[in-house]
Amino acid sequence: MSCSRRMRMPEAYKPQEIEPKWQQTWEADGLYKAVIDHEKPKFYALTMLPYPSGDIHIGHWYAMAPSDVRARFKRMQGYNVMFPMGFDAFGLPAENAAIQRRIHPKEWTLNNIDRERHQLRSMGAMIDWDREAISCLPGYYRWSEWFFLKFYEMGLAYRKKAPVDYCPSCKTTLAREQVVGDERICERCGAPVVKRDLEQWFWRITKYADELLDFSKIDWPERIRLLQTNWIGRSEGAEVVFRVTPEDLPEDADPGTGDLLVFTTRPDTLWGATFMVLAPEHPLVNAITKPAYHEAVHAYQLQATRQTEIERLSTEKEKTGVFTGAYAINPVNNARIPIWVADYVMMGYGTGAIMAVPAHDERDFDFAIKFGLPVIPVIARPDGVAKSLVFPGSVPEAFAAELEAAGFSFYAAPVGSAGMGLHVTLQGQEEIERYVVLVGKELLPGNWCEVVGSGWHFIFTDTVKTLDSVETDQEILARCKSLYEPVQDNRTTMEMVHNLPFYRDVLFHHESGIMIHSDAFSGTPGDVARQQVTAWLDERGLGHAAINYRLRDWLVSRQRYWGAPIPIIYCDTCGAVPVPYEDLPVLLPDDVDFMPTGESPLKYHDGFLNTTCPKCGGSATRETDTMDTFVCSSWYQYAYLSPYYREGESVSGNASPWDPAEQAYWAPVDTYTGGAEHAVLHLLYTRFFTKALRDAGVLHFDEPMLQLRNQGIILGEPRSGDCVDVSGTWEGAAFRATSLTVYSFENKETWPPPTRTDVRVRGEVMDRDEMSLKVRTTEGGGLTVVLVDEDLEMEFPDQEGTGSLADVLYHLDVEKMSKSKKNVVSPDTLVAQHGADVVRAYLMFGWRWEQGGPWDSQGIEGVTRWLSRVWHLILDPPHEREAADEETNRELDRAVHYAIKSVTEDLETFSFNTAIARLMEMTNALSKVRGATWPTDLWNEAVSTLVLLMAPITPHMAEELWARLGKPYSVHQQTWPTWDEAKLVEDTVEIPVQVNGKVRGRITVAAGATDDEIKQAALEDENVQRHLEGVQILKVIVPRGQLVSIVVR
RNA sequence: GGGGAAGUGUCGGAAUUGGCAGACGAGCAUGACUUAGGAUCAUGUGCCGCGAGGCGUGCGGGUUCAAGUCCCGCCUUCCCCA
């Protein structure tokens, strides 16, 4: 290579130089300021605001960078885009840090925000920082308080004493949505949650339950809609009143005391309600329990409080319960039915009292069998199946032959030690009736035979009884007892037949079906049964149609300091009095002493606590509970419209909480992105908030965010553990270290081989705790526990020096990132190494965005190479020139327009990974034709198109290249390129030819070729012909000119 | 137990919605350039087979000229609810 050609070394891509430069320029120019412009359509792009925990991690980037890309894309498409950012700054971690490290929560929070704001800026996002809103500042939370007052005024906020979820570790109550999983643990800290009876503030989100079920106005992921729908848990049914029999009530009881309100989704099963069950917490339990039962009931109530909800509700669990001694009247048939207390009924669902229909509810059935309560079937089995066991010796020998001749299906098998019995399975009413007649004729004296599942007939020698009421239950049982000694101990007919395993699968069902044994309703088909019974109940004043929701009102009180104060004052004479709007904000005092217990210091802050009643002027105290932080994040999308609006001014209850002009232009949010983990928390609350504020006249639309998309989670990268080489002695099964050397997982090739001898153990560290390591000492598995004394000095040859046990890295599979596992990926490090543009592009390229997955530290190199290739492709002249031809030009054109089309469509649909893939393809296509087309107009056009398409993704590099191409600042103010369909059409196309579904050849035809021409070419193909020899062509198909399919025989 | 989502090379992942399975990238292999390579460039890379060819999208059936995609039945994983 000659010296002259080496004169100018190609300049390398150096993001570390380019990126800060442009960030400063954009900042100085206010390039991303969102200003109302009625000439342009608006686009409000929003990504979930971070909690300022101290570090922006790769998960934040994964969520925000693609959102930023899409916001930029929309901007280039001609929208006036607002992309704001703020911080969800109240919350427990700040307060815990205050307690542990003696830093004020405000200081801790604001320091973190400073740091995180800086980290976020390094992303180069188009965030309009002028609109930043921080929820813990008075200018912000004064409006959170204002909303509280508004909701109070509207009757949406109320205070009541109720059993609420309480986290003993966080020392505060929680909303039901914050209690997660089967174990009922605290969403924040993972401690098991307990129930406490406390006076708390609630917001009436249930008033909006039906409207929250309507997603017709929003484009939200199916998954979120499903989760919210399930959470709201609407069920239709009826409310029915069961009266406690008057003699079971105390003499001084007020009228109506004994009315037990029951919600049921199955009013059609009312006739089968043979007992009632109250939740142990039900307020009426104590009043109705008969003196003789008091002790047992009380003991049971105590025991129930110690169990978790999931234990109580499990269908697996052995049922427990106690009888109260009292009875109620079933309103449909005036049957006197016993009232029990059992923990499988919860106070939180429905009314805390159920009518038990053991024949058609699994839990009720188990309970009835266990406690000997009657089970009366009232809904026919939809499958019509019945079973009958003909007992040994109850019929003549010839009966089996008779059954056979009559076409019944049965088999003979031993019944215990009693001999061979006939196990008959019947299907349908006609067959059952025939069977009953047949058995009735043949039954020997002193026997009976039953048909269960359908029919429920008990055939005796003199009569046939049907199990259709509590009375017949006892009558049948008494007859059976007199005939057969072993059933003496059975308490109900159902218990008796339940003892025969043959019957088990047909005794109970929960499907809808024709009503039976239900007086005038018998015969009512299942599809209309519920409505008809409900209407009948309504007519007679026994009940009415009702809807029940699983959703509970939102508990907003928190017994902590670091939150927005609840603006309520308690006065001995006036009660709970709202702080006047004009007096807001109720300021959180700064000079507080934090209790090591976590108890709210507001309770002991005289200046905050003591005040005067706004109504009577007397001395009064403030509410010391603060609001759930989800209150602040329920309206932050509106806070960005005009942050800290009218701060310092006194405003009335009629004020607008934000600039009306800003709201009219920007709201609601057009595209919202964030994690799916908030499906029934933030995402449900913010919808409620918007609807409530609409009803308050503050907003004029129904939904806060029109489109929602969720990103997945980036998990930790699996990694090998370090290798340790330990000398020491055996202590039983464990090995005590006397000296220990650690070889880094990064230099696996230098590791010594695994060993396990009397004095030495060596291998990869698979796990670690405070005092020991688990070491893999054989290739296959074989873990050895190595005990390490606290003061043992360890050598780390790979990092020169010594360290402690905590510095030893252990084997990690794919897990969530966490500091303690040392598998956290820091965007700061990545940006320093590769540049922000590379990190942004990699996060888009490496995963399906909505799915996420484990981090891959190797893959990022591919993106680095790509950007570097783009850089040199555009800035360096080609080494070799080639002659251009028309075909090359068309190929280039096609590549450009194909890229425009697919990148546009992919960004629109959040398919970020394929958008990048198409850009890489475009880059490859450009390098292929560079020698021939550089530097023609066509080439220049192609190159600037590439820069424009990359501008949202790699904003810094695009700006730099744009400038170096001599184009006017800024690339981000340019118009998004459009494609020409005509240019996508190829001159010739390659078409595969299939013979019987297998590709046997490829033909090249002109783009516009007719189907006949394509067929012709296909049949002429050499390889295809080889496969057509000696066979008969049945047909030839050319679908859409895409391929040829030849069917032969 | 009910509901939902998913299952594709060594890995991340594509596949115009029924039309060439494996785009794009990582990794690996070979070669070139190099004092050197964890740089760069080029080529190859689903599996079996020397080959023609065969087999391949969790498993088993089905529909179709054609199935990763549609239908039926299973298995596994994750999430939500009970």
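By convention in this document, chain letters (A, B, ...) are assigned in the order of the sequence lines, proteins followed by strands, and residues within each chain are numbered from 1. In what follows, every heavy atom counts, from backbone to side chain, and hydrogens, waters and symmetry copies are set aside. Please read all numbers here as calculations on a predicted model, not as lab measurements.
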Does W847(A) have any side chain to side chain donor-acceptor pair (under 3.5 Å) partners at least two apart in sequence or in another chain, and if so, which? none
For [N], does OP1 or OP2 lie under 4.0 Å from any side-chain N or O of [X]?
X: R848(A); N: A6(B); result: no
X: R865(A); N: C41(B); result: no
X: N924(A); N: G25(B); result: yes
X: N913(A); N: A14(B); result: yes

[X] [atom1] to [N] [atom2]: how many Å, rounded?
X: W231(A); N: A82(B); atom1: CH2; atom2: P; answer: 7 Å
X: L226(A); N: C81(B); atom1: CG; atom2: P; answer: 11 Å
X: K928(A); N: A42(B); atom1: NZ; atom2: C1'; answer: 15 Å
X: L681(A); N: C80(B); atom1: CG; atom2: C1'; answer: 13 Å

V999(A) or G862(A): which one's nearest nucleotide on RNA chain B is closer to the 5' end? V999(A)
Nearest-nucleotide 5' precedence on RNA chain B, E861(A) against G853(A): G853(A)
With syn defined as a glycosidic torsion within 90 degrees of 0 and anti otherwise, which applies to U17(B)? syn
Under a 90° cut-off about 0 for the syn range, is G9(B) syn or anti? syn
For a side chain to side chain contact (heavy atoms under 4.5 Å, CB included) check, start with the C-alpha distance between M922(A) and Y898(A), then their side-chain angles and the critical distance, and finish with the verdict. CA-CA 8 Å; M922(A) 179 177 176; Y898(A) 176 66; over 6 Å; no
Could you go through K998(A) and Q994(A), starting from their C-alpha distance and side-chain angles, then the distance that decides it, and tell me whether this counts as side chain to side chain contact (heavy atoms under 4.5 Å, CB included)? CA-CA 5 Å; K998(A) 292 198 166 67; Q994(A) 297 182 342; over 6 Å; no
State which residues pass side-chain contact (heavy atoms from CB on, under 4.5 Å) with [X]; sequence neighbours excluded, sorted by chain then number.
X: T829(A); result: S826(A)
X: F508(A); result: E362(A), F365(A), H510(A)
X: E511(A); result: P382(A), H509(A)
X: A1017(A); result: I1003(A), V1005(A)

Classify the nucleic acid contact of [X] as base, sugar-phosphate or nothing, counting any heavy atom under 4.0 Å across all strands shown.
X: R869(A); value: sugar-phosphate
X: W866(A); value: nothing
X: G852(A); value: sugar-phosphate
X: R918(A); value: base

With the threshold set at 4.0 Å, does a side-chain nitrogen-carboxylate oxygen contact exist between [X] and [Y]?
X: E236(A); Y: R234(A); answer: yes
X: K928(A); Y: E891(A); answer: yes
X: R266(A); Y: D361(A); answer: no
X: E882(A); Y: R930(A); answer: no

Results of salt bridge (charged side-chain N to carboxylate O under 4.0 Å, His left out) for E17(A) - residues two or more places apart only: none
Detail all sub-3.5 Å separations between protein N/O atoms and N/O atoms belonging to nucleotides 57-67 of chain B.
| from | atom 1 | to | atom 2 | distance (Å) |
| --- | --- | --- | --- | --- |
| C65(B) | O2 | S1045(A) | OG | 2.7 |

Do any side-chain atoms of residues 863-870 of chain A form donor-acceptor pairs under 3.5 angstrom with protein atoms, and if so which ones, sequence neighbours left out?
| from | atom 1 | to | atom 2 | distance (Å) |
| --- | --- | --- | --- | --- |
| T864(A) | OG1 | H834(A) | ND1 | 3.3 |
| T864(A) | OG1 | I860(A) | O | 3.2 |
| W866(A) | NE1 | T923(A) | OG1 | 2.9 |
| R869(A) | NH2 | N924(A) | OD1 | 3.1 |

Would you list the atom pairs, donor with acceptor, under 3.5 Å between side chains in residues 836-844 of chain A and any protein atom, with sequence neighbours excluded?
| from | atom 1 | to | atom 2 | distance (Å) |
| --- | --- | --- | --- | --- |
| D837(A) | OD1 | H956(A) | ND1 | 2.8 |
| D837(A) | OD2 | H956(A) | N | 3.4 |
| D837(A) | OD2 | M957(A) | N | 2.7 |
| R840(A) | NE | I953(A) | O | 2.8 |
| R840(A) | NH1 | D68(A) | OD2 | 2.8 |
| R840(A) | NH1 | M123(A) | O | 3.0 |
| R840(A) | NH2 | D68(A) | OD2 | 2.7 |
| R840(A) | NH2 | P952(A) | O | 2.9 |
| Y842(A) | OH | D856(A) | O | 2.6 |

Scan nucleotides 52-55 of chain B against the protein and return all N/O pairs shorter than 3.5 Å with their distances rounded to 0.1 Å.
| from | atom 1 | to | atom 2 | distance (Å) |
| --- | --- | --- | --- | --- |
| G53(B) | OP1 | R1026(A) | NH2 | 2.7 |
| G54(B) | OP1 | R1000(A) | NH2 | 3.0 |
| G54(B) | OP2 | R1000(A) | NH1 | 3.1 |

Close N or O pairs between protein and nucleotides 77-79 of chain B (under 3.5 Å):
| from | atom 1 | to | atom 2 | distance (Å) |
| --- | --- | --- | --- | --- |
| C79(B) | O2' | R223(A) | NH1 | 3.3 |

NZ/K816(A): more than 12 non-hydrogen atoms of other groups inside 6.0 Å: no
Which helical stems does RNA chain B take part in, if a stem means at least 3 consecutive Watson-Crick or G-U pairs with both distances below 3.5 Å? B:1-7 with B:75-81, B:10-12 with B:24-26, B:27-32 with B:40-45, B:46-48 with B:53-55, B:58-62 with B:70-74
